[in-house]
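For clarity, every value in this text was computed on a predicted model and none was experimentally measured.
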Amino acid sequence: MRNLKLLQSLEFRDIEAPGTPQCFCLRTEQGTVLIGSEHGLVEVDPVTREVRNEVSLVSEGFLPEDGSGRIVGVQDLLDQESVCVATASGDVLLCNLSTHQLECVGSVASGISVMSWSSDQELVLLATGQQTLIMMTKDFEPIMEQQIHQDDFGESKFITVGWGRKETQFHGSEGRQAAFQVQMLESALPWDDQKPQITWRGDGQFFAVSVVCPQTGARKFRVWNREFALQSTSEPVAGLGPALAWKPSGSLIASTQDKLNQQDVVFFEKNGLLHGQFMLPFLKDEVKVNDLLWNADSTVLAVWLEDLQRKENSALKTYVQLWTVGNYHWYLKQSLPFSTCGKSKIVCLMWDPVTPYRLHVLCQGWHYLCYDWHWTTDRSSGDNSSDMANVAVIDGNRVLVTAFRQSVVPPPMCTFRLLLPEPVNQVMFSANPQRSNDLAVIDASNQISVYKCGGGPSVDPTVKLGAVGGNGFKVSLEMPHLEKRYKIQFENSEDQEVNPLKFNFLTWVQEDVFLAIRHSPSSARSVIHHLTAVSSGTDDEQGQLTVSSSVTVDGVIISLCCNSKTKSVALQLADGQILKYLWESPSLVVEPWKNPGGFPVQIPYPCTQTELALIGGKECILGLTDRCRFFINDNEVASNITSFAVYDEFLLLTTHSHTCQCFCLTDASLKTLQAGLSSIPAANGETLRMVERGSRIVTVVPQDSKLILQMPRGNLEVVHHRALVLAQIRKWLDKLMFKEAFECMRKLRINLNLIYDHNPKVFLENVEAFIKQIDSVNHINLFFTELKEEDVTTTMYPPPVPGPVMRSRDPEGSKVDLICDAMRAAMENIDPRKYCLSILTSHVKKTTPELEVVLQKVHELQGNAPPAPDGVSAEEALKYLLLLVDVNELYDHSLGTYDFDLVLMVAEKSQKDPKEYLPFLNTLKKMETNYQRFTIDKYLKRYEKAIGHLSRCGSEHFPECLNLIKDKNLYNKALKLYPPNSQQYKDISIAYGEHLMQEHLYEPGGLVFARCGAHQKALDAFLAAGSWQLALCTAAQLHLSADQVAALSRALAGKLVEQRKHREAATVLEQYAQDYEEAVLLLLEGAAWEEALRLVYKYNRLDIIETNIKPSILEAQKNYMAFLDSQTVSFSHHKERLLVVRELKEQAQRVCLDDGVSHGQESDVFSETSSVVKGSDTSGRYSHSNSRISARSSKNRRKAERKKHSLKEGNPLEELALLEALNEVVQGTEKLKEEIHCILKVLILFEFDEQGRELQKAFEDTLQLMERSLPEIWTLSHEHNSVTPVLGPNSTSNSIMASYQQQKTSSPVLDAEFLIPPMMNKRTQWKLSLLE
């Protein structure tokens, strides 16, 4: 759904050359045009508008002086740096334009009518006056000469296998008479010049020759291959014209055919059979087709037509029409009318072989024209819901308009079509956002027809319904009407006769104000015209547009874009400069467009599509070149973009990788867009969507989620891009348009939790509005069923830009419960009968389903008939409930209500056999109420409720209750059911205590025993737990004798010693066993020197100092010295080994990078530390081993962990084991500070100064050694355990790959606790200054 739009036009008027131009060719490398006339050759430069060379063929005798000579062909030969010229008299010349040297390389006595070179310029074909074809090489060596008329069909002659005769075949509506009709061949057309026509296929392997058959007088063409072998002859076609053009892609050969009432362009296959056609917009014998020309990429077919003389003194015209095909329909995109008299008569035209959409035209009055076209999509630019997302497609004198908001109609069909009196060349929509559906059309006669929506006649003869109309079909679309047709007043009528395209880039910027660009015919300048409607007194349909003001710009303007919101107009020059046109300013200023940095923007390549957009609040220009390079201002952000569109705050792009990407421009920046287009988006991200190969953006429906894409063949596809969908849903939710949002989410399968999660506070405040807008029980139930605790705005649909909305959550309840309660309250307030099923759903969907409440509500409905037609019965409610809940679960919950009528109602809907549940229910009905409920609760495994009912059944059922309590461990619940002074409470407590004793929870068990008065059991429990204070308190309550207390004290002391609680054990022995000597020994064993001295002096046993205390102190000093020595040796050994391991690791990395390939198993360096090379392998092996060990016993797991952290040299994880060992040594030494401080004090006290200094000095040296070594052991690089990839100009592919491979094979990440060095507290005061 694209149109051809004029990018720029170039004119060279009144070329100073003798004679009349006859033909021309292009010199693409030099950028010049070579024109042949009856006097010779003229080389001109159309850009600088000067004549480069003139070569006279008359002076050399190759053309006659009387001007009757004719050049039939000119061809620029790139490899020979010459030009080949063929004259009608038969001479073939080579002309060197640098030296003006002429050489006659051949001559044909009978003359030459056509010279045609193959596309690779390896072969040249000459058609002679004797109706022969001569094929020569590029060096003009003859290959073969053959007659142009051949009796044979060719090598591709069809073979009849004899399957029936023609008379027996089916002939359709013509009947059997068609089998006996003899086809009458008409002679050539009256205006046929009888000359042969030659066309080559794009690859130069075949060529076709169209000639008039001398026997029949009709035209036919033959196909020959490169070896000059006849391949096929066209089938007889009546009225075949002389024009012939082989499509460069090689699929079809185009020609023309005159039919009974029309003229067609027909297509043939290589075998000569017809293969489609399209009709020209002219009557029979109205025009003649001079030539057909395909552009270089086979997308545009140019048809050169000329009026035939029908009336005397009538003005005849020549037309150049540009046709394209889409979805098997041929569209007339451009029509250029030229005059057939004077200097504007076309002599020759041709497509540029390098630039596909550049057309060169040569007129008789030495007037050269060059047109550059490009593809564009003409779409409305509104951003509100009133915009119909119109897209206009030009098709001759019709404009096909499709309103995509209303319906998606595949081309060539449309919503409606506008009928114009002349072929249309350009369509534009109004830039006013409020009138975006209005459009203006400029036709080949340079008249502008303005169509507006609203306020017009009900029926407009120029507007016809398309695919949406029909018999009995009601059209809900507002049709446009022809407001007025304006004629543009030109300053110079002569200009109009020469160049039919006076203006381009016509833009409707304001009511009755248009902007138009005109390129200067004499210089590289452009003029911006303001076209303003002239008010007339009469209200007729014809108006006038006059040029109210003009601004001249130095440079050729190749694009103009207008922002409908900001009213900004940006101009692009051919050299890449971007200008800002202040058209609303009184002085009409044109200034450079500046980027956010304040520098003028200049795009390095010309862009065929430009748009204005606000990116991060700053207006930028977006451009796309014909080579898929995408620019924002002058920065290239991508090189694989096939199309783009700006909609609201979004930028949508399609890429060569068959994706459609969508970016939010609100808070975007150039860097973020560049990064987003260069990186691979997340799989579940909003920005990316896969599309069909070759898809291009047509339009986006405003205030909707439709994105219209067109495939290469021409068919349409509607997609709902996730980013557009979510953005539109968020807008609807912000506007409290819940119904629109819900319908869109339901249709496009967006999780309905977004309705709440988008703004929970707003939703809860407008629950009633949500229910009233949805107004459907089924839809509300659907909303309930999709609810989940997950916040989808953080998981599934994170906003592209974090918004200011603060999401409030109920701190005491879950999200699902909150919504269910709020909606249930709202529905009960609105209409509880209508929303009965939804109310039941709200109970069921809660985190803990309230099935009892639901069943009770259903039971209430059972006895009442629905008073309103929208109400539901109990049976309907129960059937619906069974869809949400399993029937067996529902049966159990109904049984838990103790309502047997409800149980029967549910059981009847289940698959249960009545023989199963009826006897059970009958048995229950015979029981006493509490015991009945106990039985039901026990059956339903609701044991807490069961013992509650059973406790009310009397003391005769207490043994059964106690057994259930023991069986289901319900002690805490049971204790609440009986008073503390009851026997049942004591029995339950004793059972509870025994249970805790079995679980080795001795102290809690003792507390339970103590509460119920079982002091002996409590004493045994406290004794087993080692709780000496509680045990002694309990012993006091038992009134034990002194001997019993002493024995108990010694038992407690033994327990405490086992737990290494020497101070507590000494306290028990001293105070309760009266054995202070044993207490002193325990204190010395626990290194409590000061407490031991206190007891010695308390009981005046100074002899113990010499016999026990001093020897113990000296022995402890020796032990500390030996321990510190062993710690120092271990620390130094582990540290040295760690440095060796790390050095070997670095060597292994260097070897890998030097060799480019890891030779782990073959390197001697690697054998020292296999953990370096095989880190990834060992990591994987240990991971697998651990996964198998995880199912084994904890003993085996500890064994595997010890093996993993082994200090054995060569262990794969030796570095980890060394760090762990060093960590343990440091922490073990740090913990000794308090103990060393205590022993140093008593050493000073007993005058063991030498031993004290020795111990203090050894401990200080050990600490200093460890403090100095910490930075060396726990270095920053080894904490991160990373390998920096080797990159840069000196890197090779092998070294880079080896670096990344080393990253993969490096040792696994160490445990987090060993990555951080151990803490050593320097503030702890342990030293004694007396020993310094």
Looking only at the side chains, is there a donor atom on one of N753 and E786 sitting less than 3.5 Å from an acceptor on the other?
no

Y756 side chain to H758 side chain, donor-acceptor N/O pair below 3.5 angstrom
no

For this output row, return yes or no: ring centroids of Y939 and F934 closer than 6.0 angstrom.
no

Under a 4.5 Å cut-off applied to non-hydrogen side-chain atoms, are Y985 and P979 in contact?
no

Any sub-3.5 Å donor-acceptor pair from N963's side-chain atoms to P959's backbone N or O?
yes

In the structure I gave you, are the side-chain heavy atoms of K815 and T847 within less than 4.5 Å of one another anywhere?
no

Describe, in one word, how the ring planes of F742 and H779 are oriented to each other, choosing from parallel (under 30°), tilted (30 to 60°) and perpendicular (over 60°).
tilted

Can a side-chain donor-acceptor contact be found between S1041 and D1043 if the only test is distance below 3.5 angstrom?
no

Distance alone, cut at 3.5 Å: any donor-acceptor contact between the side chains of Y992 and R1011?
no

Would you please say whether a donor-acceptor pair under 3.5 Å links the side chains of S705 and Q728?
no

So I947 and D937, do their side chains get closer than 4.5 Å, heavy atoms only?
no

Axial cation check for Y943 ring with K968, 6.0 Å and 45° limits
yes

Polar side chain donor-acceptor pair, T841 to Y880, under 3.5 angstrom
yes

When you compare the side chain of L736 with that of V762, does any pair of heavy atoms fall below 4.5 Å?
yes

Using the benzene-type ring in the case of Trp, are the ring centres of F783 and F770 under 6.0 Å apart?
yes

We want to know whether H1015 and T1034 form a side-chain donor-acceptor pair, criterion being a heavy-atom distance below 3.5 angstrom.
no

